[in-house]
There are 2 protein chains.
Amino acid sequence: MTLETEVVTTIFKDLSFNPEEIQLLVRSFEKLHLPKNSLLLEAGQYVHDQYYVAEGCLRTYYIAPDGKEHTVQFAISDWWISDYTAFFNSSKALMHIECIQEATLYKISKNDMESLYQAIPQLESYFRKKMERSFASFQKRIIANLSQSATKRYLSFIQTYPNIEQNVKNYHIASYLGITTQSLSRIRKELVQE
Amino acid sequence: MTLETEVVTTIFKDLSFNPEEIQLLVRSFEKLHLPKNSLLLEAGQYVHDQYYVAEGCLRTYYIAPDGKEHTVQFAISDWWISDYTAFFNSSKALMHIECIQEATLYKISKNDMESLYQAIPQLESYFRKKMERSFASFQKRIIANLSQSATKRYLSFIQTYPNIEQNVKNYHIASYLGITTQSLSRIRKELVQE
DNA sequence: CAAAAAAGTTGACCTATGGTAATAAACTAC
DNA sequence: GTAGTTTATTACCATAGGTCAACTTTTTTG
């Protein structure tokens, strides 16, 4: 499969483009493979790019001043990932992005994104809607964090990411839920006993 | 001041429009006044509109099954407010929106928004960027909730909204921070003693 | 301005989750 | 397959924040 076909048939499978648009699109993306356990981004680096995950699994996490890790986002097939706060502002990353499962990504720079928005207006709509969905899901997560117990949050997590549990470590999930690995262990134990 | 001037000079003060665009804009917005303590939106209602806050203060909150309130967002002058999850999906609200301080709002429907995006492409950019900033700030809040103590979250809250404290009740702040009013009382007491 | 209602504070006690540390289990690499 | 390393579990105690209830202060209303 050529890069051309891939970009159009995987990333933007819901849109249709004319030949010139396809050329533009293809020139903007770069394909990359990432081995397990590698870092795609480190805090402190300038963030110029965002990444479409074709395959594999990554996570974005923040390391607090006390040294503790907090997982902000997992990204699996068909998700986008970056340190978006830094990406939007073209500023330095506060977060790290780690490859949890060997991954295939398509990378695009902020500059190229902005050019594409100008050249292909439907892309701006497409990404605005994507942002809207992300916004809604973050809001949902804030509510969940405010209103639910760790056990309930764990149960919704495994519902939301049914296949992720085989891939990720316990402490990834714990740091996403905002609890310690010990607490997660206890929660699982109690759930099994019931 | 005419509605025309208001919409262009307050809501979209950073943009410029031609006369036809201004007509379109003005026809899409409706101005409204809201008394203190009134409800702008209740959970269960369909959400067709979003609102620009020209003046006053509102809050979006969620009532959990156990009856507890969780404040998701405050909106002061120059912010937008809605139940965005429902607004984006044209579905039923999960949240309530309450007017905390007598407010002047400009209301626009989702349909009119979509038409404006078609007619005035710079608006799509404008709102995409707005979404990006909201996204970033929600992400920041998730990190704060995961990594900081209630006391620290309270301190950042009063930094982020320096003038809001006179307007809002203690229990609004507590429900935003994810703690009880009693805990907030204790936190304040400790902070004063230091 | 007085009475009533709402909001805020404080205290005593409770509970969920955190911290530390030892142990067990699961991977990884030779 | 064994040694070494990483990850997960368990136990024990500590603590932040929750709960319930009484009390005080502030705000609202007639």
Asks: Inspect the contact between B:Lys129 and B:Asp14 and indicate whether a charged nitrogen and a carboxylate oxygen are less than 4.0 angstrom apart.
Replies: no
Asks: Rounding to an integer number of Å, can you tell me how far B:Glu69 CD sits from C:dA7 C1'?
Replies: 13 Å
Asks: So, are B:Glu69 and B:Arg59 salt-bridged, with charged N and O less than 4.0 Å apart?
Replies: yes
Asks: Whole angstroms only, please: what is the CD1-C1' distance between B:Ile187 and D:dT15?
Replies: 14 Å
Asks: Determine yes or no for a side-chain-to-main-chain donor-acceptor pair under 3.5 angstrom, with B:Ser91 supplying the side chain and B:Phe87 the backbone.
Replies: no
Asks: Classify every nucleotide of nucleotides 18-30 of chain C by which part a protein heavy atom approaches to under 4.0 Å, writing B for the base, S for the sugar-phosphate alone and - for neither, in 5'-to-3' order.
Replies: BBBB---------
Asks: Going by atom types alone, do A:Glu98 and A:Ser38 pair a side-chain donor with an acceptor below 3.5 Å?
Replies: no
Asks: Where the side chain of A:Ser185 is defined as all heavy atoms beyond and including C-beta, which of D:dA8, C:dG8, D:dG17 is the nearest nucleotide?
Replies: D:dA8
Asks: Measure the distance from OH on B:Tyr154 to P on C:dG8 and round it to the nearest whole Å.
Replies: 11 Å
Asks: If I take atom CG in residue B:Asn145 and atom P in nucleotide D:dA16, what distance separates them, rounded to the nearest angstrom?
Replies: 18 Å
Asks: Can you tell me how far C1' of D:dA8 sits from CG of A:Leu191, to the nearest Å?
Replies: 16 Å
Asks: For B:Lys189 and C:dG8, what is the distance between atoms NZ and C1' respectively, to the nearest whole Å?
Replies: 13 Å
Asks: Rounded to the Å, how far apart are B:Leu146 CG and C:dT17 C1'?
Replies: 14 Å
Asks: Identify whether the distance between the nearest side-chain nitrogen and carboxylate oxygen of A:Glu114 and A:Lys110 falls below 4.0 Å.
Replies: yes
Asks: Specify the separation, in whole Å, of atom CD of B:Glu190 and atom C1' of D:dT15.
Replies: 12 Å
Asks: Of A:Thr151 and B:Tyr171, whose nearest nucleotide on DNA chain C comes first from the 5' end?
Replies: B:Tyr171
Asks: Between B:Glu190 and B:Arg186, is there a salt bridge with N-O shorter than 4.0 Å?
Replies: no
